[in-house]
Amino acid sequence: MSEVRVRFAPSPTGYLHIGGVRTALYSWLWARQNRGTFILRIEDTDQERSTAKSIQVVLDSMRWLGLDWDEGPEVGGEHGPYFQSERLGLYADYAERLLASGDAYRCYATKQEIADARDAFHKTNAKGGFRFQSPWRDGADPPKDRDAYVIRFRAPREGSTGWDDVIKRRIDVPNDTQQDFILLRPNGMPLYNFGCVVDDLTMGVTLATRGDDHVINTAPQILLYKALGVEPPKFAHMPMVLAPNGEKLSKRHAAVGVLEYRDMGYLPDAVLNYLARLGWSHGDQEIFTRQELIEKFSWDHVGSTAGRYDAKKFLYVQEEHLRTLPDGEVARLTVPFLARIGIAAQADDPVLLEAIPYVKPRSATLADVADAVSYFLGEIEFEEKGKRKFLVPENASHLVQLAELIENVEPFEKEKLDEVVKGWLEANELPMKKVAQPARVAMTGRTRSPGLFEVMEVLGKDKTIARLRAAAELAASATTH
RNA sequence: GGCCCCAUCGUCUAGUGGUUAGGACAUCGGCCUCUCACGCCGGUAACGCGAGUUCGAACCUCGCUGGGGUCACCA
């Protein structure tokens, strides 16, 4: 098999869209599976939108996801530079070649003239798409009064252009629907189709991957390759990620920037897993490690239908990944989320490490984990509802008795506590329910938590007793209505 | 509207001429139980429509309908 060279070429627009991430992911998986090369290229020719900050977001996003690139910004490579805005000389050269061969021409029409022509077209002729007919296509003399021009491609009007898409089937587009699209702006900045072709060509890309919304650009690009006398790469067009209601997924529908998932406490592998599985399958398997993804990925099983974003399934995948993550890792990753809620803890904090096994099956995200361990590490905060319902005078004595009962339990471990407390309940003909909830609220401040004895063990004897007694006092003095 | 793409449970999908149409999420019911989860057991739920090819179509062909994309000096 020949070498695999693929690229991800986002335009920095403020955030990295999860739809784009999926495109990047499939390409990356393909490269890694084949020991090929994954290139990151920044398409920053739209100077209005491209900012240093946006570029940083792209790099941060890719790094957080662990989609490492072999060539691109900050790592370099033989085919650089990897920012389109720094490759202007290259585009000029190729434009010159097309000009020389007659496959391109200079067009002096102003934006206003084109806009007027478009308006006139829409007024008179409602059917068909508008295509600007440049008077300079057929060799009119350059005007004397203006020198700004764009370079347009001289698109063929006959025949058709097609390719065998790796994901879809054969696609053919009649050439008479093509327009003389612009290659270079007056300022030398290339437009998408031209920049993309020159870059894919000079970077030796063997498979061009992109979203479904780009199928329309492929025929023009193939025309460009032909005009330049080179063989086009293969193309793979990924179906889109749609919103739950079937619209194009945008900020309106869900968190679309990957970094938002980082901030919510998702794991990179979970994001990759969910996105991979949205539009690709491997039999009945739902949960994949990164390594499994690399091993099992195949273009054959990338579907051709657009997928809808499903937040619940995403969360489920995240839960599964959290569960298989070793406790030490969970602890380490939870630290920053603890800091965010005002708890300074170290990753090797023994209380944190002890609590995690109990908290993990009850959490989906790292933010959930942080919240769930907060009362072990920090001060207790009572939920108003639980406090009002369970910390009432009639429960006060039970709490005190419980505190006294466990005073001498050694070792202070859940099995032993279970035995002692249940024995006491039985002897006094007290149902567990009667005591458990008040004690839970006393120790955690909440009505929902891990098992009572697990909480006691993690909290330790001193804190457990202190909290039971404090709550008992609170309960005794509570007024009932 | 032109051009292009797409069509299996609500959602993601398996399925490549013969299956009780499978799995997962969601949903509903149950078990477990000190709460909440986890886990386990079970239920509801799909081949858009119409022709054709064939002994036989979810699978092949055509049409229709529906959805999406795109018609820029954005990418």
Side-chain angles (χ1 to χ4, degrees), chain A residues 9-13 20 43-46 48-50 84 107 109-111 114-115 118 122 125-132 148 150-152 165 168-169 171-174 176-179 181-187 189-193 195-196 210-219 237 239-240 242 244 246-248 274 277-287 301 303-317 319 323 358-364 372 386 390 418 421-422 425 431-437 439-441 444 446-453:
Chain A
S11 59
T13 55
E43 307 216 332
D44 59 346
T45 56
D46 183 349
E48 315 249 308
R49 290 197 286 180
S50 300
Q84 287 194 321
C107 171
T110 62
K111 279 188 189 180
I114 296 167
R118 183 181 298 116
H122 286 308
N125 192 350
K127 55 179 182 287
F130 169 74
R131 281 174 298 160
F132 180 66
V150 299
I151 296 179
R152 282 185 188 273
D165 201 273
K168 301 173 184 296
R169 40 185 102 172
I171 299 175
D172 276 290
V173 185
D176 62 10
T177 62
Q178 300 299 345
Q179 54 180 337
F181 55 90
I182 293 174
L183 270 23
L184 283 183
R185 297 180 174 104
N187 67 2
M189 282 289 179
L191 260 72
Y192 174 70
N193 279 326
C196 186
R210 47 166 80 124
D212 218 338
D213 48 340
H214 281 295
V215 288
I216 198 78
N217 289 314
T218 304
H237 289 94
M240 317 213 55
L242 268 24
E247 292 174 353
K248 200 167 175 173
Y274 174 69
R277 194 56 193 64
L278 210 199
W280 168 82
S281 61
H282 184 80
D284 286 340
Q285 188 171 353
E286 298 285 346
I287 304 301
H301 286 90
S304 46
T305 65
R308 298 186 190 207
Y309 176 85
D310 183 341
K312 284 188 173 162
K313 179 115 185 205
F314 197 165
L315 197 61
Y316 162 78
V317 172
E319 278 175 33
R323 275 189 205 124
Y358 304 128
V359 143
K360 226 160 53 165
R362 295 174 170 79
S363 307
F390 296 108
D418 189 305
V421 173
K422 286 201 173 139
L425 289 169
M432 180 73 174
K433 279 180 204 244
K434 186 83 183 140
V435 180
Q437 281 305 78
R440 186 183 315 284
V441 174
T444 70
R446 309 176 181 197
T447 53
R448 308 155 61 153
S449 81
L452 220 52
F453 308 117

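Here is the naming used below: chain letters follow the sequence lines, and residue numbers restart at 1 for every chain. Heavy atoms only: backbone and side chains are in, while hydrogens, waters and symmetry mates are out. From a predicted model like this one, the values you see are computed outputs, not experimental measurements.
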Quiz item: Within a strict 4.5 Å, meaning less than it, do heavy atoms of the Cys107(A) and Val150(A) side chains meet?
Solution: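 They are in contact (side-chain heavy atoms under 4.5 Å apart), so the answer is yes.
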
Look at all strands and tell whether [X] reaches a base, only sugar-phosphate, or nothing, counting heavy atoms closer than 4.0 Å.
X         : result
Thr13(A)  : nothing
Pro450(A) : base
Arg118(A) : sugar-phosphate
Val150(A) : base
Gly279(A) : sugar-phosphate
Thr110(A) : base

Atom [atom1] of [X] to atom [atom2] of [N]: distance rounded to whole Å?
X         : N      : atom1 : atom2 : answer
Leu452(A) : C36(B) : CG    : C1'   : 13 Å
Gln84(A)  : A75(B) : CD    : P     : 8 Å
Ile182(A) : A75(B) : CD1   : P     : 11 Å
Phe453(A) : U35(B) : CZ    : C1'   : 12 Å
Phe130(A) : C71(B) : CZ    : P     : 13 Å
His237(A) : C4(B)  : NE2   : C1'   : 11 Å
Asn217(A) : C5(B)  : CG    : P     : 15 Å
Gln285(A) : G23(B) : CD    : P     : 16 Å

Exercise. May I ask you to decide if Ala372(A)'s main-chain N or O and Arg446(A)'s side chain share a donor-acceptor pair within less than 3.5 Å?
Key: no

Quiz item: Backbone N or O of His237(A) within a donor-acceptor pair of the Asp165(A) side chain at under 3.5 Å?
Solution: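 Side chain of Asp165(A) to backbone of His237(A): a pair is present.
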
Please measure how far the [atom1] atom in [N] lies from the corresponding atom in [M], and state the result in whole Å.
N      : M      : atom1 : value
G68(B) : C32(B) : P     : 48 Å
C31(B) : G15(B) : C1'   : 34 Å
C28(B) : U65(B) : C1'   : 33 Å
G29(B) : U70(B) : P     : 42 Å
C36(B) : U11(B) : C1'   : 27 Å
C9(B)  : A21(B) : P     : 15 Å
G66(B) : U16(B) : P     : 31 Å
G2(B)  : G63(B) : P     : 15 Å

I need the [X] [atom1] to [Y] [atom2] distance, nearest 0.5 Å.
X         : Y         : atom1 : atom2 : result
Phe181(A) : Leu191(A) : CZ    : CG    : 10.0 Å
Leu242(A) : Asp310(A) : CG    : CG    : 13.0 Å
Asn193(A) : Ile216(A) : CG    : CD1   : 10.0 Å
Arg308(A) : Met240(A) : CZ    : CE    : 13.5 Å
Lys313(A) : Arg277(A) : NZ    : CZ    : 5.5 Å
Ser363(A) : Arg323(A) : OG    : CZ    : 8.5 Å

Look at the side chain of [X] and decide which nucleotide, out of [options], has an atom nearest to it.
X         : options                : answer
Ser11(A)  : A75(B), G39(B), C34(B) : A75(B)
Glu286(A) : U13(B), C34(B), G23(B) : G23(B)
Lys168(A) : C5(B), C71(B), C73(B)  : C5(B)
Thr305(A) : G22(B), C6(B), C3(B)   : C6(B)
Lys433(A) : C5(B), U35(B), C73(B)  : U35(B)
Pro174(A) : C4(B), C36(B), C34(B)  : C4(B)

For [N], which nucleotide in any strand shown is its Watson-Crick or wobble partner with both distances under 3.5 Å?
N      : value
U16(B) : none
A7(B)  : U65(B)
U53(B) : none
G39(B) : C31(B)
A45(B) : none
G2(B)  : U70(B)

Quiz item: Of Trp280(A) and Met432(A), whose nearest nucleotide on RNA chain B comes first from the 5' end?
Solution: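 Result of the comparison: Trp280(A).
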
Listed by chain and number, what are the ring pair (Phe, Tyr, Trp, His ring centres under 6.0 Å) partners of [X], not counting sequence neighbours?
X         : answer
Phe390(A) : none
Phe132(A) : none
Phe314(A) : Tyr261(A), Tyr266(A), Tyr274(A)

[X] vs [N]: side-chain N/O to OP1/OP2 distance below 4.0 Å:
X         : N      : value
Ser281(A) : A14(B) : yes
Ser304(A) : C5(B)  : no
Arg152(A) : A72(B) : no
His122(A) : G2(B)  : no
Arg440(A) : C36(B) : no

Quiz item: How would you list, by chain and number, every residue that makes a side chain to side chain contact (heavy atoms under 4.5 Å, CB included) with Leu452(A), sequence neighbours excluded?
Solution: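 Partners of Leu452(A) under the side chain to side chain contact (heavy atoms under 4.5 Å, CB included) test: Met432(A), Ala436(A), Ala439(A), Arg440(A), Met443(A).
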
Quiz item: Can you find an N or O donor on one side and an acceptor on the other, under 3.5 Å apart, linking the side chain of Arg362(A) with the base of C36(B)?
Solution: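 Result: at least one qualifying N/O pair found.
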
Might you list the N or O atoms of the protein lying below 3.5 Å from N or O atoms in nucleotides 67-70 of chain B, with each pair's distance?
| residue | atom | partner | partner atom | Å |
| --- | --- | --- | --- | --- |
| U70(B) | OP1 | Lys248(A) | NZ | 3.0 |

Nucleotide N/O of nucleotides 25-27 of chain B paired with protein N/O under 3.5 Å:
| residue | atom | partner | partner atom | Å |
| --- | --- | --- | --- | --- |
| C25(B) | O2' | Lys313(A) | N | 3.4 |

Quiz item: Have Ser304(A) and Arg169(A) got a donor and an acceptor in their side chains that come within less than 3.5 Å?
Solution: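 Checked: Ser304(A)/Arg169(A) side chains show no N/O donor-acceptor pair below 3.5 Å.
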
